[in-house]
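Worksheet: one structure, shown below.
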Amino acid sequence: MNLVQAINDALKLEMKRDPRVVVLGEDVGRVGGVFRVTQGLWDEFGDDRVVDTPLSEGGILGTAIGMALYGLVPVPEIQFADFIFPGYDQIVSELAKMRWRSGGEYSAKMVVRTPVGGGIRGGLYHSQSPESLFIHVAGLKVVCPANPYDAKGLLLASLRDPDPVLFFEPKRIYRASRGDVPEGDYTVELGKAKIVREAEAAPGKPAVTILAWGAMLYEAVAAAEKALELGVECEIVDLRTLWPVDVETIAASVEKTGRVIVVHEAPKTCGFGAELVALINERCFLSLEAPPVRVAGFDTPFPYTLEMDYLPLAHRILPAIVETARY
Amino acid sequence: MIQEPHATLRDSDPDVGLFTVLREDGSADPATDPKIPTPRLVLAYRHMRRLRQLDARMILLQRQGRVGFYGACTGQEAVPIATGLVARPDDWVFPALREQSVMLVRGFPLRQFVAQVFGNSGDVLKGRQMPSHPSGKQVHQVSWSSCIGPQIPQAVGAAWAMKQAKNEAVAFGFSGDGATSQPDFHAAMTFAAAFKAPVVIVCQNNHWSISVPTARQTASRTIAVKGRAYGIPSVRVDGNDLLAMHAVLERAADRARRGEGPTFVEALTYRIGAHSTSDDPTRYRTDAEVESWKKKDPVDRLARHLRKIGAIDDASEKQLDDELGAEIAEVIKAVEELPPPPRLSLFDDVYAEPTWNLREQRELLAAIPPAPSH
């Protein structure tokens, strides 16, 4: 299964299990979404459960909140994460604050699904990675899977979690990421990172921790392979849930290696890497052997022609690994 | 131009007239009289008078520094009170600033309403919102947003879910005239019509969005006429006429319950007081304008009608005033002495269970002395 099929499988499974789950968004019905993530759901569940909406992200998210208040579990799809901003107020001022502002009386349980990230020749309106803009808002959970197994398990966990979840789907690896996905029901716990490559530091043999998620995880792995040829081992942590982030797994790894690189597509300044480095400084300062490093998108709008130069691909991660190891 | 409400709800008038029942002499126009039973009108009057007194007391408390803020609905009481009477217990209400009091008509305790203004431990919302932003699940009322407008598509979404549930519930979504300039208004009207949602969308056109007049909000002849382009039957109604408001809202709700979809209502009214306790309306409007609208005061108009039909008199008015005054004074006394919400409750309800960062921050706050007061 690829990532698209795994997400589709999770939606289908949960819609069968829980009649409150309703998929809505632009083109999610008959055509099955522009990336075909919801393909077949309309045929199986019909107009009441899979709803093509007018072209209005504010309308999709605003009505989804009303549906959730009344007891449904909406799964709005925002066609590209770049299109989420017309509905940003509904997420930031309403969805995120619903439980808190009502003294715990109301909640608006939903999972907002949206494709994220670059590398698909999408230009500035089809490529951005706005995760930090949501992590910064109290009340939201933010998830980004990097493989089909996690995508299905994390989506099922997100749908059953009591809080609203932003589910970012790395579109560059929608079809490229393939793997075995069990049939039937299973969940991957929210808030737990996964160490996808282990490393041990030894005297005279430094190791580097790399924190990554989504499509950039594969760039980190590719860079780590090259680094190994140069004699540097890397421990790679796939964060999977960006918020609440698994700070314990991160801290344990950094305490072990003393060196850390954060990789993300979003612009460097105030990106999630900034928060991760701050958390590491607060928790692991005395274990650090080198300054934490961010390899990120540049502080420019997302480019069309030069997107591969913009992205923090393996060729940019590798020198950072070597420099951090030699510091 | 006066219209029969059935006709207006069928949207047969291209000019979108003004539906009115109460005439200047206090009589009901026989052509439009919805024939609301007298005890119901007396109840409506009681609620309107209670709200008038409550608003006056709350503004006084703000001037005395006893509460932080207040947004009154003086001059606009007919709309929330009619809504509260028309709404059934399983209906939902998504108010804007001037319709908070719908919840009081639907049985939300005055004590908790006032505690929300004080923001203390008697407040269901645990002191988290500014005054005049209440909500209460027991009466299916959701909080409005100071950002203006987000509650309108939410009302449509709840109505959409009611339609899926195939029950006869209805959602009422409110806005002021200013909110009709927001994308959320457009989204709500678009979605409500496209999904034939059982929702009544009400715009209280009180002529002023803080200091900006409706003429600067829109070049449209009326606000009601906007509904036409969305394919929503729309009606413009005298918002200072309790009988007219009740008739229009009831018929709009009935349409929704019958599966006939949304109705858009422009309630023409006027904000007699300031936008809020932070506003000074003398900077942007004339006393003469305010005085002319005071003559159309919704409480006075209903009183004139009730006197005319012999339902109230001087003695009953005085008794009502005394009763309401005593009730409100007693509630304020009981609520004002309540302590603030517990400090550590700050971290509750952000998530269903506090995340690690909130647990850490709660410990931090617990370990430091209380902050100085304002």
Side-chain angles (χ1 to χ4, degrees), chain A residues 19-20 22 24 47-49 51-72 74 86-87 89-90 92-109 138-141 161-164 190-191 243-248 279 282, chain B residues 92 94 116 123-129 133 135-138 140 142-143 145-147 149-165 169 171 173 182-184 186-195 197 199 341 345-353 355-358:
Chain A
R20 299 172 306 160
V22 173
L24 70 157
D47 279 330
D48 278 357
R49 308 278 307 279
V51 189
D52 280 324
T53 65
L55 202 165
S56 166
E57 288 76 17
I60 292 166
L61 292 163
T63 51
I65 289 170
M67 295 165 97
L69 287 168
Y70 201 67
L72 296 178
D89 179 57
Q90 288 286 357
V92 172
S93 308
E94 304 294 304
L95 180 62
K97 296 170 173 57
M98 191 60 74
R99 187 191 301 278
W100 191 85
R101 79 171 195 194
S102 65
E105 284 204 327
Y106 287 114
S107 61
K109 170 59 205 168
L140 301 174
K141 291 180 177 172
D161 189 86
D163 296 306
L190 300 188
W243 202 260
V245 74
D246 185 353
V247 71
E248 284 175 16
L279 288 171
E282 284 170 359
Chain B
W92 281 54
F94 293 76
Q116 198 279 321
D123 175 15
V124 176
L125 313 188
K126 306 178 187 173
R128 289 172 184 161
Q129 291 233 54
H133 294 64
S135 67
K137 197 172 188 186
Q138 55 177 299
H140 299 147
V142 179
S143 166
S145 160
S146 313
C147 300
Q151 72 278 359
I152 327 171
Q154 291 170 13
V156 175
W160 186 355
M162 291 162 179
K163 190 183 168 193
Q164 311 268 52
Q182 288 276 30
D184 276 330
H186 171 68
M189 297 291 276
T190 301
F191 279 63
F195 295 102
V199 62
S345 71
L346 176 62
F347 302 99
D348 297 339
D349 308 318
V350 180
Y351 297 94
E353 295 294 332
T355 46
W356 60 264
N357 54 313
L358 293 170

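Atom set for the values below is all heavy atoms of this structure, side chains included, hydrogens, waters and symmetry mates excluded. Residue numbers begin at 1 in each chain, while the letters A, B, ... track the order of the sequences.
- For B:Thr355, the part sitting under 4.5 Å from any heavy atom of chain A is the side chain, from C-beta outward, and nothing else.
- The two residues B:Phe191 and A:Ile60 come nearest to each other via the heavy atoms CZ-N, 3.6 Å.
- Distance OG/B:Ser143 to NZ/A:Lys97: 12.0 Å, rounded to 0.5 Å.
- Ring geometry for A:Tyr106 versus B:Trp92: interplanar angle of 30 to 60°, hence tilted.
- Proximity to chain B is limited to the side chain of A:Leu72, based on heavy atoms less than 4.5 angstrom apart.
- Taking A:Leu24, A:Leu140, A:Leu279 one by one and counting their heavy-atom pairs under 4.5 Å with chain B, the maximum is reached by A:Leu140.
- Exactly one of B:Asp348, B:Leu346, B:Leu125 qualifies for a side chain to side chain contact (heavy atoms under 4.5 Å, CB included) with A:Trp100. That residue is B:Leu346.
- Heavy atoms of other residues, nucleotides or ligands lying less than 6.0 angstrom from CD of A:Glu248 number 12 at most.
- Minimum heavy-atom separation, B:Ala169 to A:Tyr70: CB-OH, 3.9 Å.
- Residue contact with chain B, scored on non-hydrogen atoms closer than 4.5 Å, involves the side chain of A:Ser93 exclusively.
- Heavy-atom distances place no part of A:Ala64 under 4.5 Å from chain B, backbone and side chain included.
- For B:Ala187 against A:Gly59, the heavy-atom pair with the smallest separation is CB-CA, 3.6 Å.
- A:Gln90 touches chain B through its side chain: at least one heavy atom from C-beta onward sits under 4.5 Å away, while N, CA, C and O do not.
- Closest approach of A:Asp48 and B:Gln164 over heavy atoms only: O-NE2, 2.7 Å.
- To the nearest 0.5 Å, the span separating CD on A:Glu105 from NZ on B:Lys126 amounts to 9.0 Å.
- No part of A:Ser107 comes within reach of chain B, as not one of its non-hydrogen atoms sits under 4.5 angstrom from that chain.
- Of all the listed residues (A:Ala108, A:Gly103, A:Ala138), the one sharing the greatest number of non-hydrogen pairs under 4.5 Å with chain B is A:Gly103.
- For the set B:Ser135, B:Pro150, B:Ser145, the entry with the most heavy-atom pairs within less than 4.5 Å of chain A is B:Pro150.
- How far CD of B:Gln151 is from CD1 of A:Ile65: 11.5 Å, rounded to the nearest 0.5 Å.
- Nearest heavy-atom pair, B:Cys147 versus A:Asp89, reported as atom, atom and distance to 0.1 Å: SG-OD1, 3.6 Å.
- Looking at A:Asp47, there are no atoms closer than 4.5 Å to chain B (heavy atoms on both sides), in backbone or side chain.
- Looking only at distances, no side-chain donor or acceptor of B:Trp356 sits under 3.5 Å from a matching main-chain atom of A:Asp246.
- Heavy atoms closer than 4.5 Å to chain B are found in both the backbone and the side chain of A:Val245.
- Using a 4.5 Å cut-off between heavy atoms, B:Ala194 touches chain A through its side chain atoms alone.
- Nearest heavy atoms, B:Trp160 versus A:Val51: CZ2-CG1, 3.3 Å.
- Of the possible donor and acceptor atoms, one in the side chain of A:Asp163 sits under 3.5 Å from a partner among the backbone N and O of B:Ala352.
- Comparing A:Glu94, A:Arg101, A:Lys141 by heavy-atom pairs within less than 4.5 Å of chain B, the highest count is held by A:Arg101.
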